Amino acid sequence: MLQTVWLIPLLPFLSAVLLMVTAGRMPRPLVAMLGAGSVGLSAVVVLLFGMQFMQAPEPYTLTLWSWMRVGDFAPQFSFYIDQLTLVMMAVITGVGFLIHLYSTEFMEEDSDYSRYFAYMNMFVAAMLILVMADNLLLLFLGWEGVGVCSYLLVGFWYKDPANGAASRKAFVVTRVGDTAMALGLLLLFTELGTLQIQPMLDAANNTWVSGDTLPALAALLLLGGAVGKSAQLPLHTWLPDAMAGPTPVSALIHAATMVTAGVYLIARTHGLFLLAPDVLLLVALIGLVTLLLAAFTALNQHDIKRILAYSTISQIGYMFLALGVGAWSSGIFHLMTHAFFKALLFLGAGAVIHCLHHEHNIFKMGGLRSRLPVAFWSFLIGSAALAALPFTSGFFSKDPILISAFEYHGSIAGIGPWLWVGGLLGALLTAIYSFRLVFIVFFGEANTEPDRQPGWRMAGPLTLLCVLSLFGGWFALPLASVFPAESAHHPSMLIEGISISIPLLGVLVAWLVYYQRKVSVSRFTDSPTGNSLRQYWHSGWAMDDLYDNLLVKPFVGVSTLLRGEPVDKVYNGIVGVCQLVHRGLSESQTGKMRWYATSMVFGLIALITFLGWGI
Amino acid sequence: MILPNLILVLLVGGALAWWSERFDSSWPRLVALLVVLADLSYLLSSLTTVPLENFALVPVAADPASWLMSYQLNWIPRFGIRFELAMDGLSLVLIVLTLVLGAIAIVSSWTEDNQRQGFFQANILWTLAGVVGVFLAMDLFLFFLFWEVMLVPMYLLIAIWGHEGKAHASMKFFIFTQFSGLLMLVAIVVLAILQQQASGIWSFSYFDLLNTSMDSTVAGWLMLGFFIAFVVKLPGFPFHTWLPDAHTQAPTAGSVILAGILLKTGAYGLIRFTVPLFPEAALEFAPIAMMLGVAGIIYGAVLAFGQSDFKRLVAYSSVSHMGFVLLGVFAWNALALQGAVMQMVAHGFSTAALFMIAGALQQRMHTRDMNQMGGLWQQMPRMGAVALFFVLASLGMPGLGNFVAEFLVLLGLFQVNPWMTVVAALGLITAAIYSLIMMQRAFYGKPDDSRRLTDFGSLEMTAMAVMIIALVWLGMYPQPVLDLVQPVIDSLAVEVPLVAERGVSVGAVQ
């Protein structure tokens, strides 16, 4: 059974290739069966594999073929499966399958049904290769594959140039990170002589000591890749725009694939990051700052998908915080629970949009509680988990992160409690913005009437994800053997109590402001300072403008300036000189006898004079 | 006799294709295609007579048996000029590429309404003959002859069957190549004289000219003569300006051959002649050459982004990609050289395909201006999907040949000069920027429903499929090509020691 693990990425890959080659000539039911079925089958294989694997949980390696070999550089096409991989595979195929099933109904009226599933399947296959790769080069293949598929899916509705711009932005911004990561690969191979992850980490441990420059540099370069894919500062700007694609695509990008890749990369190479404690602290700080920035921004959005997008950036920030403070398992645990409730929220949002004539603005919704009960319950449960209300899955994963942050003893003494306070502020904001969404969309007066109800292929996955979001935090992940042991937590009752009650406070605030409307924020937001602050947060701290002025405009400007090929001026100059000489000499060829005779006479005189001089 | 036959088949085949026009104007293309395919199958079938273990032999100059095939005939004994051909793994890989792309170029012109089909196809076949000769010639005089043979028919292809600005473009192409070729000719002659003075025997043979002792200043100048000739062809910054014009104006088949094959003769010359003939001078010059490579990568990419002409954009992307070859050659270690060769092959396929798409667009829409395109995916989904594939290949998507090439170059370069690698790696970002904008402007965006356009037919799709399969194969299992080229690199290492591979060797020592 174990050796059939190659089927897991192959099934969706084959399905994608088949769908591409047939190019829409397949009947729709067959496309749906192939598209969703291949991922479902893949999930079944993961389940069977996992059951066998857990009986004797030893890392399992399967080599398919030798990719290339030049001297000592010999990366292979091989998979490395341990508990971490297993968790990732389960999330990708499991949640991925639910999203695919949901899509079969959501995309039913689209004329490019087959192309959609081809890209989606390719996405899942690429992500699976990313997490299963046993060396960093193969991981990079999956890494770039994920990037390309996100590009294709974000720009799926290609007729609108805005979608094209969003998809290019997603690809290019993440490519900046990817390039840093590629440089990291070059450095790691040059210094350690292998890219195979486990031997490489061993070699790093043997060659370097904690605090050296080289491991810090290597970790920093990998971190560059991670912040790109996981949409963390400073490369987070692509994610909010990436919602241009169909809503299930957002669910796939935000929950099961893509954004979790960076978290996975750092967790997978944690041995390297442990050699670079300063970089690890940087990971935590990036996580903290990102989660706060994104939470403030989410508070000010009115597009339902944009709120969710910023909430993803914010939640990935928590995962980075966890990784940074060495709470590896908690980070991965939060990755999993986040996959559940974020998929739920996006698919719920998809149901709202689908049934509401493609309306995105939350202020044009309202009162949908009774009109779209499935979406309402999805959002209620999803938001509860997102806000980490007690006993939801999000609570069980976020709480340990905050506690670990509190007890963190890293390069800078006493920074732990500050990380904790920051995380708590984020938790408060999370609760506010998520329940702001719930109260505005599902309570109050109805603004738009839904024209349909979701069918079973949409409602079914939503229900399942509701269950997972509620109870998905009740079991422990078998990650103890993958990561270094974490010290047992002994938080005081006070710390624990504060951690639990903060989200409840957030819900209360949201209830007062957006449901009861007892407290009005308009007096603040209407004041000049408040208004400009609101605008500033709404634009995502104006990061887009910053990059636009700093990078995009100069690049376009230089390109426009040079497009006429200035180098050619040199060659044209040579041509010009030749032509000038040519013209000058041609002038003398007038064809007039008198002119020739005169010049002959003058020439003769000159000649004689000079000759005479010589004598 | 196999090697001269390879060239002869193409030369005679060209004449045959020309002659066949008198029966029907559709005959020449068929004859030409058959000739190229026959030549290819002749090569492949004669390879079966070579013992398998010979493919792993390191070619030694003194021992013809260590080469895959070789052929010698006295030509001008007075100066020791011989008709000397030899094939090793590198030549083999490039000749196969030449013939496959040659066939594809002929297919790409299948539906084009060209006047004087016979002469057109003859010029294509003669260009191919010149290129095959360049890849085989081991006598420098003969090499120069073939260098000219491939130039003249190419010039005619652009000058006669080109687009609106063909006169200027073809002349520019001719003068750039001819002038730089002249520098090489002078360098060849001086080199032969120096060799004669040292040994007393006239010879233009590559093997005799290797290790010619000379003053380092002279070596520097001669090296530069070769370098400029090859870098103009490559093309490397700042000698590239003929290329956008020539490409834009050439007929589709001309662009395919130009980008797919002709540029590679420059890269081949750098690897085969420039560095081995003048090792010290070349390695001393390496930092400047690498800087030109990096400059080409960035400059080509920035200019590619600024173009609105589809073909011009692809042409500048070639400038950018060929920068990696220049880097790979002058980093001069196994990884970088393998990368450079892989880039030659992979870029040959990806760019040939993109030019074929450009030609198909021009044929259908009578414009290359991307401002007048947009939304073409709607009308031509097959062409769009194929274009998407090659755009992804060209921006370095792992799993396709171009990625293997660029990664190997960067990996080799990193061990020589990490900082230059960082700048070169920016090319990965810029490649994404210009490739995706091309995809956007041509195939995405709002479709114009009044247009009636026919999608790729089965013949075109077959040609595309060949190149797709080739790139996937090179990306997923490049080992056969790497194995063919490795002995060549080992033999070059005998002449010019490879630049130390930092880290790896250190690790091995420990």
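Model, not experiment: these values are computed from the prediction. Each chain gets a letter, A, B and so on, in the order its sequence line appears, and its residues count up from 1. Computed over heavy atoms, backbone and side chain alike; hydrogens, waters and symmetry mates excluded.
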When heavy-atom pairs shorter than 4.5 Å are enumerated against chain A, which of B:M397, B:K446, B:Q486 gives the highest number? B:M397
Go through the atoms of B:I437 and report whether side chain, backbone, both or neither lie under 4.5 Å from a heavy atom of chain A. both
Nearest heavy atoms of B:L388 and A:L152, plus distance in Å: CD2-CD2, 3.5 Å
Aromatic ring proximity, centroids under 6.0 angstrom, A:F189 and B:F414: no
Mind ranking B:L408, B:L426, B:I489, B:V302 by heavy-atom pairs under 4.5 Å with chain A and telling me who comes out on top? B:V302
Heavy-atom distances under 4.5 Å only: say whether A:P75 touches chain B with side chain, backbone, both or neither. neither
If you measure from OH on B:Y444 to CZ on A:F156, what distance do you get to the nearest 0.5 Å? 10.5 Å
Counting only heavy atoms closer than 4.5 Å, note whether B:P238 contacts chain A via side chain, backbone, both or neither. both
For chain A, find which of B:F237, B:F403, B:W242 contributes the most heavy-atom pairs closer than 4.5 angstrom. B:F403
For the CG atom of B:L335 and the CE atom of A:M68, what is their distance to the nearest 0.5 Å? 10.5 Å
Would you call B:W377 and A:R115 a side-chain contact if the rule is heavy atoms closer than 4.5 Å? yes
Which one wins on heavy-atom pair count under 4.5 Å against chain A: B:D245, B:L410, B:L395? B:L395
Within-4.5 Å side-chain heavy-atom neighbours: B:L411 and A:V70: no
Residues A:G164 and B:Q440: closest non-hydrogen pair is CA-OE1, 3.2 Å
With sequence neighbours excluded, tell me which residues meet side chain to side chain contact (heavy atoms under 4.5 Å, CB included) with A:E565. A:V567, A:D568, B:H240, B:T241, B:Y299, B:L303, B:Y316
Under 4.5 Å heavy-atom distance to chain A, tell me which part of B:A425 shows up: side chain, backbone, both or neither. both
Name the region of B:L482, side chain, backbone, both or neither, that has any atom closer than 4.5 Å to a heavy atom of chain A. side chain
Interatomic spacing from CE in A:M181 to CG in B:L428 - rounded to 0.5 Å: 12.5 Å
Please classify the contact of B:L436 with chain A as side chain, backbone, both or neither, using a heavy-atom distance under 4.5 Å. both
Going by heavy atoms in the side chains, are B:M439 and A:Y151 under 4.5 Å from each other? yes
Against chain A, label B:M476 side chain, backbone, both or neither, depending on which of its atoms sit under 4.5 Å from a heavy atom there. both
Take atom CH2 in A:W6; do more than 12 heavy atoms of anything else shown fall under 6.0 Å from it? no
Neighbour count >12 (heavy atoms, 6.0 Å) for atom CE, B:M171: no
Once rounded to the nearest 0.5 Å, what's the spacing between atom CH2 of A:W65 and atom CD of B:Q479? 13.0 Å
Quick check for you: to the nearest 0.5 Å, what is the distance between A:M20 atom CE and B:F389 atom CZ? 10.5 Å
4.5 Å side-chain heavy-atom contact, A:Y158 and B:Q378: yes
So which part of A:V556 gets closer than 4.5 Å to some heavy atom of chain B, the side chain, the backbone, both or neither? both
Do any of residues 124-141 of chain A have a heavy atom less than 4.5 Å from a heavy atom of chain B, and if so, which, in residue order? A:L137, A:F140, A:L141
Tell me the closest heavy-atom pair linking B:G475 and A:W67, and the distance in Å. O-NE1, 2.7 Å
Max heavy-atom pair count under 4.5 Å with chain B, selected residue of A:L185, A:V558, A:L562: A:L562
Select one option (side chain, backbone, both, neither) describing which atoms of B:F239 are under 4.5 Å from chain A's heavy atoms. both
Can you check whether anything in residues 172-180 of chain A gets within less than 4.5 Å of chain B, heavy-atom wise, and list it by number? A:V172, A:R175, A:V176, A:T179
Please list, chain by chain and in numerical order, all residues satisfying side chain to side chain contact (heavy atoms under 4.5 Å, CB included) with B:D369, sequence neighbours excluded. B:S308, B:T367, B:N371, B:Q372
